[in-house]
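Let me begin by presenting the structure, written as structure tokens, before commenting on it.
Any value given below was found using the heavy atoms of this structure, including those in side chains, with hydrogens, waters and symmetry copies removed. The chains referred to below are lettered A, B, ... by the order of the sequence lines, with proteins before strands, and numbering in each begins at 1.
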Protein chains: 2
Amino acid sequence: MELYFHSLLKGLNLKTTPRRIALLEILDDEQGYLSPEDVWMRMKRKFRSLGLPTVYRNLEELHEGNIISRVIHPDRKLYYYFCRNEEHHHHFVCVSCRRVEDLNFCAGREMEKLVVEGIRGRVLSHILQINGLCSECVLKEGAVSDE
Amino acid sequence: MELYFHSLLKGLNLKTTPRRIALLEILDDEQGYLSPEDVWMRMKRKFRSLGLPTVYRNLEELHEGNIISRVIHPDRKLYYYFCRNEEHHHHFVCVSCRRVEDLNFCAGREMEKLVVEGIRGRVLSHILQINGLCSECVLKEGAVSDE
DNA sequence: TTGCAAATGAAAATTGTTTCTATTTATTAC
DNA sequence: GTAATAAATAGAAACAATTTTCATTTGCAA
């Protein structure tokens with residue numbers, strides 16, 4: 001694995017540092033996506049004196065090199081995830097407990113068709129977020145509003 | 001028109017101030033969308049001492065009241081525009097010229113089913129936004145990246 | 001017209017992200 | 001292996017968009 005990461009980095013003319021390896025491992029282990037701060041917190045377990053700018057810089061370099069993907073969520077923050085040729089998916093966000101669950105669902109194909117045929121434009125990316133109550137919070141059924 | 005705006009504001013229990021009228025007029029005149037700062041600059045022509053927080057506050061209140069719509073551009077800034085379509089719908093946002101087009105498409109039903117049956121949760125709302133290039137910008141095909 | 005809650009301006013705070021700079025480190029040529 | 005050097009890093013500071021705070025002003029219901 002480390003060898004594979006090394007060759008990826010080499011391909012971008014980036015040096016293979018322990019931090020970059022760790023960052024790639026973290027993203028590779030995650031099935032969802034992570035904010036720079038999420039990545040930072042995970043990496044800090046290993047590198048006590050890691051700076052947040054280092055995380056931002058590396059995430060952005062790897063994104064530019066097409067090794068990881070970036071999404072911009074409606075919360076206006078950046079999120080990154082490892083590029084797998086796996087099914088693109090979206091997240092269900094519980095507005096009560098803030099848990100996030102993956103949804104193996106994407107309307108991308110339909111949207112693309114609609115945009116290409118209807119508007120005659122081109123789709124570059126899309127943002128989909130579903131807000132609701134997860135099973136536990138549905139039971140608790142507290143006075144939770146959608147915001 | 002002013003009367004119409006007055007009734008809209010009344011419906012939200014918001015007072016009819018000269019600033020709110022001007023703000024609504026500006027958004028109503030625009031066929032695309034505007035950033036809070038865009039709105040601020042246009043309003044300053046009329047109100048010399050207008051504060052930017054006032055613009056942010058009002059845009060957000062009107063958005064919450066469903067009088068104006070909000071989109072989040074890939075540049076991570078907020079943009080607002082006047083709601084003309086009553087149906088629930090989604091947005092196609094041209095990342096090049098900033099035009100917004102309504103898409104009469106919603107995958108809400110499928111998502112709902114998936115969430116209820118799969119996760120056993122409840123959907124409260126969803127946000128779907130498609131970023132891309134509109135027909136004109138596809139033709140121009142400039143060096144525009146999804147950024 | 002008056003009283004009061006709502007709206008506002010100005011300044012300051014916050015948040016997420018980026019830049020700067022001195023120091024450290026991975027790689028390359030020997 | 002080792003030295004030279006260009007890239008990578010930490011830490012501090014800068015930044016930009018947005019939000020909060022609070023004292024003052026204003027719309028509007030009584």
Using a 4.0 Å heavy-atom cut-off across all strands, classify K15(A) as base, sugar-phosphate, or nothing.
base
Using a 4.0 Å heavy-atom cut-off, does T16(A) contact any base of the nucleic acid, only the sugar-phosphate backbone, or nothing at all?
sugar-phosphate
Examine distances only and state if a side-chain atom of D28(A) and a backbone atom of E25(A) form a donor-acceptor pair shorter than 3.5 Å.
no
Which part of the nucleic acid, if any, lies within reach of R76(A) when heavy atoms closer than 4.0 Å are counted: base, sugar-phosphate only, or nothing?
sugar-phosphate
Of N58(A) and Y80(B), the one whose closest nucleotide on DNA chain D sits nearer the 5' end is N58(A)
Nearest to the side chain of H6(B) - dC28(D), dA17(D), dA29(D)?
dC28(D)
Residue pair R48(A)/E37(B) against DNA chain D: nearer the 5' end by closest nucleotide is R48(A)
Ignoring the backbone of P53(A), work out which of dA10(C), dT8(C), dG11(D) is nearest its side chain.
dG11(D)
If I take atom CH2 in residue W40(B) and atom C1' in nucleotide dT8(C), what distance separates them, rounded to the nearest angstrom?
14 Å
Check every strand shown and say whether R20(A) touches a base, only sugar-phosphate, or nothing at a heavy-atom separation below 4.0 Å.
sugar-phosphate
Would you say the side-chain atoms of R20(A) pair up with the backbone N or O of K15(A), donor to acceptor, closer than 3.5 Å?
yes
Let me know the distance between CG of L14(B) and P of dT26(D), rounded to the nearest Å.
19 Å
Selection from dT17(C), dT8(C), dA17(D) that lies nearest to any side-chain heavy atom of R57(B):
dT8(C)
Ion pair E37(B)/K77(B), N-O distance below 4.0 Å:
no
Length of the line joining Y56(B):OH and dG9(C):P, which is rounded to integer Å
15 Å
